[in-house]
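Everything below concerns the one structure shown next.
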Amino acid sequence: MPDNVIKARHADHRCDVLLIGGGPAGSTAAALLAEKGHQVTLLEKARHPRFHIGESLLPANLPLLERLGVSAEVKGIGMEKWGAEFVSPWHDHSQSFEFADAWDKSVPHAYQVRRSEFDEILIHNARRKGAPVIEDCRACDVRFLPNDEVAIVRAEHRDGRSETWQCRFLIDASGRDTFLGNRFRAKHRNPKHNSSSIYGHFDGAKRHDGKKEGHITIFWFEHGWFWFIPLADGITSVGAVIWPYCLKARKKPVKAFFLDLIAMCPALAERLTDAELVSDVGATGNFSYACDRTHGTNWLLLGDAYAFIDPVFSSGVMLAMNSAFAGADAVDTCLRQPDMAAQALKEFDRIMKHGPKEFSWFIYRVTNPTMRNLFMAPRNVFRVKEALLSILAGDIFGKTPIWRSVLAFKVIYYFASLANLKPTIMAWHQRKVNIRYVEDTEEIDCQ
Ligand SMILES: Cc1cc2nc3c(=O)[nH]c(=O)nc-3n(C[C@H](O)[C@H](O)[C@H](O)COP(=O)(O)OP(=O)(O)OC[C@H]3O[C@@H](n4cnc5c(N)ncnc54)[C@H](O)[C@@H]3O)c2cc1C
């Protein structure tokens, strides 16, 4: 820890809990901790509303929004999402799933949202609940004092001013910036997965009618898969998730490369025939990682600041918000009942690891032909389709008894792989090549 950076003996400000990052994780935790009566301060390096990728929510988000008291506001900006559609060039039909067919039928839809609007609702909520929110203020350095009694964070305002905050507990919700993960050298590339993404917004994309209008569509193609996310204002978010070497090997500017990729996926190109690209094209790479710990004595990591695997199941925002609920409970216990702290942090650790673990098994296999076949021809033996839909809905933290059926699905997958041995082995070999690390794709020049 670079403790020579913060030299001041006394910080400029004091609070019980300092949060770094005002995305879904940080804003949720700030609101909850303020409600529990703690003195909370949230630092956000940007100013809301700001663009963020990650626009498709899961049904499991809805109870969390309800508990935060922002359901009506999110309904006001959201496109209702009743299910998901999978389109494969290797199959002669598309396959739609509706969340109403999941094991627990009580939350049959989610929302597609513009993250600028969604994240603004959440950060306003934190402010409303009593958490001072300081935007345009980037946390730069941290120092933990002996015995882990307090942490001091130095942050810089956009106008160049520098200030320090002393807190009893530090929460890192800085997303893929991984503020503490970097400082502790705790962040590690995922050896089992790697991908990159390139995305933009279109006006005039062809949508389905009726209830299917808000479905997310996943289009598989030769180099990975695309998302098609219809937003409430008529704009559609389209993004490709491709292997990093593929992005690195591009010979054209990012926008031309993106349009070329779309042309390689005829089913998607057809839905964009009359559509116009109305945004800049963004790109990001090598985004699969996890930190080797979730917490210390007086700090913890939330959401992407702990781990991010892959966006294929639209799980990121739900995992981030869920981690915030778990984190707020743990911090509350640490501050009020220090003798229970170890137990509370252990439970927090369990919850943090559960999501990435359960989604990873599917993520690692979703571009495998055997898995594709199972997705494209789902059957409900041993209620495996209902259980799969519960995973797609993000219903993995509650009491819904899906786990025996999830296990049955995995067994069916392994048997199907044996029956389909040659293509499965070839696909695994190809995957090893595909996920290899490629330098310099984190920050892509999008000009
Ligand atoms: C290509 C792609 C597509 C995705 N699609 C989806 C999807 O469809 N659905 C979904 O649920 N998820 C999706 N995700 C994942 C989702 O975007 C994230 O999981 C989610 O935003 C995590 O929330 P968070 O609060 O942890 O981090 P973030 O939302 O990233 O928020 C972190 C905040 O911290 C701030 N910050 C960073 N560093 C500092 C600092 N030093 N000081 C102060 N502030 C700081 C940032 O400005 C930011 O506002 C996608 C991700 C990618 C890469």
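Counting starts at 1 for both ligands and their atoms, following the listed order. Predicted model only: the values in this text are computed from it and were never measured.
The side chain of Ser197, and not its backbone, has at least one atom closer than 4.0 Å to an atom of ligand 1 (non-hydrogen atoms only; side chain from C-beta on). Counting heavy atoms closer than 4.0 Å to ligand 1, residue Pro311 contributes side-chain atoms (C-beta onward) but none from N, CA, C or O. Counting heavy atoms closer than 4.0 Å to ligand 1, residue Leu43 contributes backbone atoms (N, CA, C, O) but none from C-beta onward. When non-hydrogen atoms are compared, ligand 1 lies under 4.0 Å from the side chain of Ala320 (C-beta onward) but not from its backbone. At a heavy-atom distance under 4.0 Å, only backbone atoms of Cys137 (N, CA, C or O) approach ligand 1. Only the backbone of Ala173 comes within 4.0 Å of ligand 1, judged by heavy-atom distances. At a 4.0 Å heavy-atom cut-off, ligand 1 touches His52 through the side chain alone.
Taking CG from Asp136 and CZ from Arg50, the interatomic distance works out to 12.0 Å, rounded to the nearest 0.5 Å. Atom CZ of Arg185 sits about 12.5 Å away from atom CG of Asp292, to the nearest 0.5 Å.
Protein heavy atom nearest atom 52 (C) of ligand 1, with residue, atom name and distance: Ile53 CG2, 3.7 Å. Here the heavy atom of the protein found nearest to atom 46 (C) of ligand 1 is Glu44 OE2, 3.5 Å. Of all protein heavy atoms, the one closest to atom 14 (N) of ligand 1 is Gly54 CA, 3.8 Å. Counting only heavy atoms of the protein, atom 18 (C) of ligand 1 lies nearest to Asp304 OD2, 3.1 Å.
Ring-plane geometry between His354 and Trp403 is classed as perpendicular, the angle between the planes exceeding 60 degrees on a 0 to 90 degree scale with a lower cut at 30. Ring geometry for His109 versus Tyr111: interplanar angle over 60°, hence perpendicular rather than tilted (30 to 60°). The aromatic rings of Trp361 and Phe409 lie perpendicular to each other, with more than 60° between the two planes, well past the 30° mark. Using cut-offs of 30° and 60° on the angle between ring planes, the pair Trp299 and Phe144 is tilted.
For Phe228 and Phe202, the ring centers are positioned 6.0 Å apart or more.
Contact annotation: Gly239 has no heavy atom less than 4.0 Å from any atom of ligand 1. For the ligand labelled ligand 1, residue Arg50 lies inside the 4.0 Å heavy-atom shell. Taking 4.0 Å as the cut-off, Met321 does not count as a neighbour of ligand 1 on heavy-atom distance. Not a single heavy atom of Leu57 sits closer than 4.0 Å to an atom of ligand 1.
Considering both main-chain and side-chain atoms, Lys45 comes within under 3.5 Å of ligand 1 through a nitrogen or oxygen pair. Polar contact check, Trp227 against ligand 1: no nitrogen or oxygen pair lies under 3.5 Å apart.
Between Asp177 and Lys45, at least one side-chain nitrogen of the basic residue sits less than 4.0 Å from a carboxylate oxygen of the acidic one, meeting the salt-bridge criterion. With salt bridges taken as basic N to acidic carboxylate O contacts below 4.0 Å, none links Asp349 and Arg293.
At a threshold of 4.5 Å between non-hydrogen side-chain atoms, the residues Val317 and Arg115 count as touching.
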